[in-house]
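Before any comments, here is the structure.
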Amino acid sequence: MGHDAALADYKVFDFEDGGRTFPVYRRGSGPAVIVMHEMPGLHPLVIRFADRVAAAGMTVFCPSLFGVPGKPVSRGYTLATALGVLCIRREFHVWRGDRSSPVVDWLKALSRQAHAECGGRGVGAVGMCFTGGFALAMMTDPSVVAPVLSQPSLPIPRNRPKPSAEIGLSAAELSCVKGRLADEDLSVMGLRFKSDALVPDARFETYRRELGDRFEAIELEDEDAQPAFIPPHSVLTLHLKETGPTKAAEQRVIQFFQERTGAAGDDATAGR
């Protein structure tokens, strides 16, 4: 799949807010879901997931935050992009876990616009890997009602003897999220492979402790993963099998978006 072919069914526009501008690829109809790509960029397997969300009755918005849109994933491409992104400190807080990254403000503005244009009960959002935790931080905006954290890898521990339990939110942001979960009967989904060193046990323990039964965790075994050039990590893309637990996880995420945004219809139960 070439760069152009991967995004042939998408319309692209530039979205600007707060002095930041990124291209956004859009497809589908119905309530909005923002699909934030993993490292190294908006590659064809991320687009495949977005296609499936659109086919399930929702409008997908895929911002391109780094990398080359549509370029297939590879080891060299991933390494080169990662090294470049680590230098963009003004957009991403890679090492700090006590606050969200500045780019989250731009993502929340995109969510507000998407909700205004597409309607529904609110917006779904999924982050993957480098962007994995952004969906939780976006929940400080009232437009976001269905956050999914797929292999949330930030903050990256640096000079620390233990894996990071931090989740990339300030105390005020976390308090806002917890208040919305209780007041609006909302919930959060998290996905990871149990062996994934980039998503340590301690991080998921923090989600469980802070969010309680409002946190729905899907944790997978190595044998559930599609073989790839890296160890099990990318639940919804690189390591997704078309049968078995990873496929069930993908289907549960799409169902979660349908239920929460209203794409499943007024008679659907919200369910936690």
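By convention here, the first residue in the shown sequence is residue 1. Just so it is clear, the model here is predicted, and its values are computed rather than measured.
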Exercise for review: Only pairs at least two apart or in different chains count here, so list each side chain to side chain donor-acceptor pair (under 3.5 Å) that has a residue in residues 125-137.
Suggested key: none
Point to revise | Residues clustered with Ile230, ILVMFWY side-chain links under 4.5 angstrom | key: Leu45, Val73, Phe229, Leu238
Practice item. Give a yes-or-no answer on whether the side chains of Glu117 and Gln113 include a donor-acceptor pair shorter than 3.5 Å. Key: yes
**Study point:** With sequence neighbours excluded, residues passing salt bridge (charged side-chain N to carboxylate O under 4.0 Å, His left out) with Glu219
**Key:** Arg192, Arg208
Practice item. Decide whether Phe49 and Val12 are clustered together by the hydrophobic rule: side chain heavy atoms of Ile, Leu, Val, Met, Phe, Trp, Tyr closer than 4.5 Å, transitively. Key: yes
**Study point:** All salt bridge (charged side-chain N to carboxylate O under 4.0 Å, His left out) counterparts of Asp9, not counting sequence neighbours
**Key:** Arg27
Review point. In the hydrophobic clustering that connects Ile, Leu, Val, Met, Phe, Trp and Tyr at side-chain heavy-atom distances below 4.5 Å, which members other than Val68 occupy its cluster, ordered by chain and number?
Key: Tyr77
Check your understanding: Taking only residues two or more places apart in sequence, or in another chain, which ones meet Phe22 in a ring pair (Phe, Tyr, Trp, His ring centres under 6.0 Å)?
Key -> Trp106
Practice item. Not counting sequence neighbours, which residues clear side chain to side chain contact (heavy atoms under 4.5 Å, CB included) with Glu221? List them please. Key: Lys194, Glu223, Asp224
**Study point:** side chain to side chain contact (heavy atoms under 4.5 Å, CB included) partners for Lys241, two or more places apart
**Key:** Gln226, Thr246
Exercise for review: Just jot down the side chain to side chain contact (heavy atoms under 4.5 Å, CB included) partners of Leu198, sequence neighbours excluded, or say none.
Suggested key: Ser153, Asp196, His233
Practice item. Using side-chain hydrogen bond (donor to acceptor under 3.5 Å, both in side chains) as the criterion, list what pairs up with Arg75, not counting sequence neighbours. Key: none
Check your understanding: With sequence neighbours left out, what residues match Phe215 under ring pair (Phe, Tyr, Trp, His ring centres under 6.0 Å)?
Key -> Phe204, Tyr207
Point to revise | Residues which pass ring pair (Phe, Tyr, Trp, His ring centres under 6.0 Å) with His37, listed by chain and number, not counting sequence neighbours | key: Phe66
